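Just so you know, these numbers come straight off a predicted model, no measurement behind them.
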Amino acid sequence: MSAEAPSSTFLIDVEHFDSPDAQRLRAAQRIEIDSTYGADTEPGPKPTADSIAVFFVARDSDGTPVGCGGLRLVDDGIAEVKRMYVRTESRGSGVAAAMLRRLEEAALDLGSPALVLETGTEQKRAIAFYEREGFSRIANFGPYAGADRSVCYSKIL
């Protein structure tokens with residue numbers, strides 16, 4: 001189950017949520033988010049290996065991990081994008097769009113009719129990316145309802 005980017009410079013494969021590379025990518029994301037907001041501001045339960053239905057790691061042509069993303073099933077079998085992240089030096093390479101396509105495929109494989117996600121108000125690049133990729137702003141759902149720093153999106157698959 002691999003998906004290649006249009007530039008064919010990276011591969012996206014299923015990986016265990018707690019693999020060393022997945023942990024390093026998620027730690028880098030946490031550092032970036034915490035530095036943006038000054039602390040961990042994520043509402044609700046953190047994703048775990050038990051709550052993530054599928055997790056992917058993107059690697060460049062040298063095998064270096066450059067991005068990740070996973071899906072957690074929420075109400076009515078809807079898949080929530082969790083821990084979508086691309087290392088700073090790989091942004092603009094197309095890996096984020098390819099990861100999102102892979103997550104959409106995986107959601108369909110899981111029987112999900114839509115994707116939902118939460119991002120932060122200060123993550124302007126992420127907001128622009130999701131809107132460019134066809135996501136629509138929705139009311140904050142679940143643990144994000146009432147969270148001032150959260151913005152939520154949905155995309156029908």
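For Tyr144, the ring-ring contact (aromatic ring centres under 6.0 Å, His included) partners two or more places apart in sequence, or in a different chain, are Phe141. Remark: Asp75 pairs with no residue by the side chain to side chain contact (heavy atoms under 4.5 Å, CB included) rule, at least two apart or across chains. By the salt bridge (Lys or Arg N to Asp or Glu O under 4.0 Å) test, Asp34 pairs with Arg30, sequence neighbours left out. Shown here are the side chain to side chain donor-acceptor pair (under 3.5 Å) partners of Arg24, two or more places apart in sequence or in another chain: Asp21. Every residue meeting the side chain to side chain contact (heavy atoms under 4.5 Å, CB included) condition with Thr88, not counting sequence neighbours, appears here in chain and number order: Glu32, Arg91. Under the side chain to side chain contact (heavy atoms under 4.5 Å, CB included) criterion, Thr36 pairs with Glu122, sequence neighbours left out. The side chain to side chain donor-acceptor pair (under 3.5 Å) test applied to Ser19 returns Glu15, not counting sequence neighbours. A search for side chain to side chain donor-acceptor pair (under 3.5 Å) contacts involving Ser150 returns Glu118, not counting sequence neighbours. Every residue two or more places apart in sequence or in another chain that forms a side chain to side chain contact (heavy atoms under 4.5 Å, CB included) with Glu131 is listed here: Ile127, Tyr153.
Heavy atoms only, all atoms of each residue included: Ala58 and Val95 are closest at CB-CG2, 3.5 Å. In this structure, Ser112 and Leu157 approach most closely via the heavy-atom pair O-CD1, 3.7 Å. For the residue pair Tyr130 and Val81, the shortest heavy atom distance occurs at OH-CG1, 4.5 Å. Between Pro65 and Leu25, the shortest heavy-atom distance links the atoms CB-CD1, 3.9 Å. Annotation for Ala139 and Cys152: closest pair O-CB, 4.0 Å, computed over non-hydrogen atoms. Nearest heavy atom pair, residue Glu80 against residue Val74, reads OE1-CG1, 3.5 Å.
The number of heavy atoms from other shown groups lying within 6.0 Å of CZ (Arg87) does not exceed 12. Within a 6.0 Å sphere centred on CZ of Arg101, other residues, nucleotides and ligands contribute more than 12 heavy atoms.
To the nearest 0.5 Å, the span separating CZ on Phe10 from CG on Asp62 amounts to 13.5 Å. Of the inter-residue distances, the one linking Asp60 atom CG with Glu89 atom CD reads 9.0 Å to the nearest 0.5 angstrom. Between atom CE of residue Met99 and atom CD1 of residue Ile12 there is a gap of 4.5 Å, rounded to the nearest 0.5 Å. Distance check: Leu11 CG to Arg59 CZ gives 9.5 Å after rounding to the nearest 0.5 Å.
Using a 4.5 Å cut-off between side-chain heavy atoms of Ile, Leu, Val, Met, Phe, Trp and Tyr, Tyr37 falls into a hydrophobic cluster with Ile33.
The hydrophobic clustering, which links ILVMFWY residues whose side-chain heavy atoms are closer than 4.5 Å, places Leu100 and Val151 together. Under the 4.5 Å side-chain heavy-atom criterion for ILVMFWY residues, no single connected hydrophobic cluster contains both Ile78 and Leu103. Residue Leu71 is grouped with residue Met84 when hydrophobic side chains (ILVMFWY) are merged at heavy-atom distances under 4.5 angstrom, including chains of intermediate members. Cluster annotation: Leu110 is connected to Leu108 through the hydrophobic network of ILVMFWY side chains, with a link wherever side-chain heavy atoms come within less than 4.5 Å.
Applying the ring pair (Phe, Tyr, Trp, His ring centres under 6.0 Å) rule to pairs touching residues 70-98 yields nothing, sequence neighbours excluded.
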Could you give the side-chain donor-acceptor pairs of residues 42-56 under 3.5 Å, partners two or more places apart or in another chain?
residue, atom, partner, partner atom, Å
Glu42, OE1, Arg83, NH1, 3.4
Glu42, OE1, Arg83, NH2, 2.8
Glu42, OE2, Lys82, NZ, 2.9
Glu42, OE2, Arg83, NH1, 3.1
Lys46, NZ, Asp40, OD2, 3.4
Lys46, NZ, Glu42, O, 3.2
Thr48, OG1, Asp50, N, 3.2
Thr48, OG1, Ser51, N, 3.1
Thr48, OG1, Ser51, OG, 3.4
Ser51, OG, Thr48, N, 2.9
Ser51, OG, Thr48, O, 3.3

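A salt bridge is defined here as a Lys NZ or Arg NE, NH1 or NH2 lying under 4.0 Å from an Asp or Glu carboxylate O, and Asp18 with Arg26 meets this definition.
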